[in-house]
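Within every chain, numbering begins at 1; the chains are lettered A, B, ... in the order of the sequence lines, protein sequences first and strands thereafter. Here the structure is a predicted model, which is why all the values come from computation and not from measurement.
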Number of protein chains: 2
Amino acid sequence: MLNSYTKEDKVMLAIDCIIFGFDEEGLKILLIKRDFEPERGKWSLIGGFLKVNETLDEAASRILYTLTGVHDIYMEQFYTYSEIDRDPVERTLSVSYYALIDIERHNEELIENYNASWHSIAEVPKLIFDHDKMLDKGLKRLRRRTSIVPIGFNLLPEKFTMLQLQKLYEAILDKPLDKRNFINKINSMDILIKLNEKDMSSSTKGSFLYMFDGEKYNAKLTDNFYLKL
Amino acid sequence: MLNSYTKEDKVMLAIDCIIFGFDEEGLKILLIKRDFEPERGKWSLIGGFLKVNETLDEAASRILYTLTGVHDIYMEQFYTYSEIDRDPVERTLSVSYYALIDIERHNEELIENYNASWHSIAEVPKLIFDHDKMLDKGLKRLRRRTSIVPIGFNLLPEKFTMLQLQKLYEAILDKPLDKRNFINKINSMDILIKLNEKDMSSSTKGSFLYMFDGEKYNAKLTDNFYLKL
DNA sequence: TCAAAAGTGTTTATAATACACCCATGG
DNA sequence: CCATGGGTGTATTATAAACACTTTTGA
């Protein structure tokens, strides 16, 4: 009759998050510059350690909140890294997540306090440890996911134009898309609400604003509904 | 100047493996009947604990070898589970893997010693802890992967007939496939070697045997080659 | 000679892609 | 009145799906 596994080894578990954001310039990630050793001054994903009384999702949410001041960020766990010497300080495994955030909706102050900044996905500096590998895998996962399920909306403000949405998908998939084909495809999915409101900042004519319709989307999920762009 | 993270919590990490096999009856998984508490007599995935000096892949390989006597089994990590009470004995996280094995190529004795047995995917009993959830996610992942990349060959003996291959894909994807469309698709991928050898056990006419051509496949991987069934 | 599985192409339907012009308005 | 981005539809191509008969040979 066992009531503990005390003979078994224990290890430290880190959580590292790729925080994706999107603006006019394209797809970006949030990085922090380490101000402690080892690797002081190098760039790093946002991370932290798992506490014994929380789940991985809770830890990831906590870490995201600490840095951005935002709750309920969309996120997904994607791989657990375990190379023996991946962290030179001490044996540590890392569970990696990616998160999608509306880039306008975070606490600037916090980010400054933490020495964090946004970097275009095309110009990411060398990262510490195995964070390059994480980014690579996380980005691939994001691409695959967004072309199957419309999670991309999490990167946009609540109201957005069709062109913004198209630019977002172009940024994620890293390829140009045809305007008419894109709009036809999106409309055929029937998961957007067209508002009686226009964004006048971009042109004289103004362009209609849309919202993501979570209810319609959830209703469709029951079938084998999916998006392919 | 830090040279340890000693203040941080440590946890135990289990590795649980879904071992897939395939025979005339269809897709199967290998389960063990627990002969210790808690949950004695219930069915469980094959698992073990991470040791402090090995990677997760090494631990998974070790666990697979212990039970099957086979090295170099195809496997893939797919998710890390961390609910606080997922294991009632003690706080334990579990990194889950699925593995694909030629069902004829394992050590029967070992399997018997461990109280293990094969179960058709359609008739899996209730499993302990969160192993049902793992199986569900692992199976979905296998389905998605096999319809993109031809990993299914790992479930077959070295030489196999077209019909066997088709049955395998039907079992994994859980839907009937059209014989001619299937053969055309497979042939168009050009990753099989047709042998001058026939399997005479299944019919009077006999059917040609094929082998998977790993080299051709790897050569194609460089492009954006993929299989869709 | 017949039962049982092997092998083989074409037609149809659906999905993806390519492509160009008019519209509305503020300055 | 014109410059700027907004908005719209059709034709073509590529891919997927449906479909049935002939071949072989051991019993």
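- Each of B:M200 and A:T204 has a nearest nucleotide on DNA chain D; the 5'-most of these lies closest to A:T204.
- Identified under the ring pair (Phe, Tyr, Trp, His ring centres under 6.0 Å) test for residues 183-210 of chain A, with sequence neighbours left out: none.
- Under the side chain to side chain contact (heavy atoms under 4.5 Å, CB included) test applied with B:S82, the options B:L13, B:L93, B:V95 reduce to a single match, B:L93.
- For A:K175 and C:dA16, the NZ to P distance is 11 Å, given to the nearest whole Å.
- Donor-acceptor pairing under 3.5 Å is recorded for the side chains of A:S201 and A:D199.
- Under the 3.5 Å distance criterion, the side-chain polar atoms of A:D178 are matched with a main-chain donor or acceptor of A:N181.
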Mind listing the N/O atom pairs, protein and nucleotides 6-9 of chain C, below 3.5 Å?
from, atom 1, to, atom 2, distance (Å)
C:dA6, N3, B:K205, NZ, 3.2
C:dG7, OP1, B:F208, N, 3.2
C:dG7, N7, B:K179, NZ, 2.9
C:dG7, O6, B:K179, NZ, 3.2

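- Between B:Y74 and B:F153, the ring centre distance reaches or exceeds 6.0 Å.
- Taking atom CD of residue B:E170 and atom P of nucleotide D:dA17, one finds them 14 Å apart after rounding to whole Å.
- Considering all non-hydrogen atoms of both residues, B:L139 and B:F20 come closest at CD1-CE2, 3.8 Å.
- If you measure from atom CZ of A:F182 to atom P of D:dG6, you get 13 Å, rounded to the nearest angstrom.
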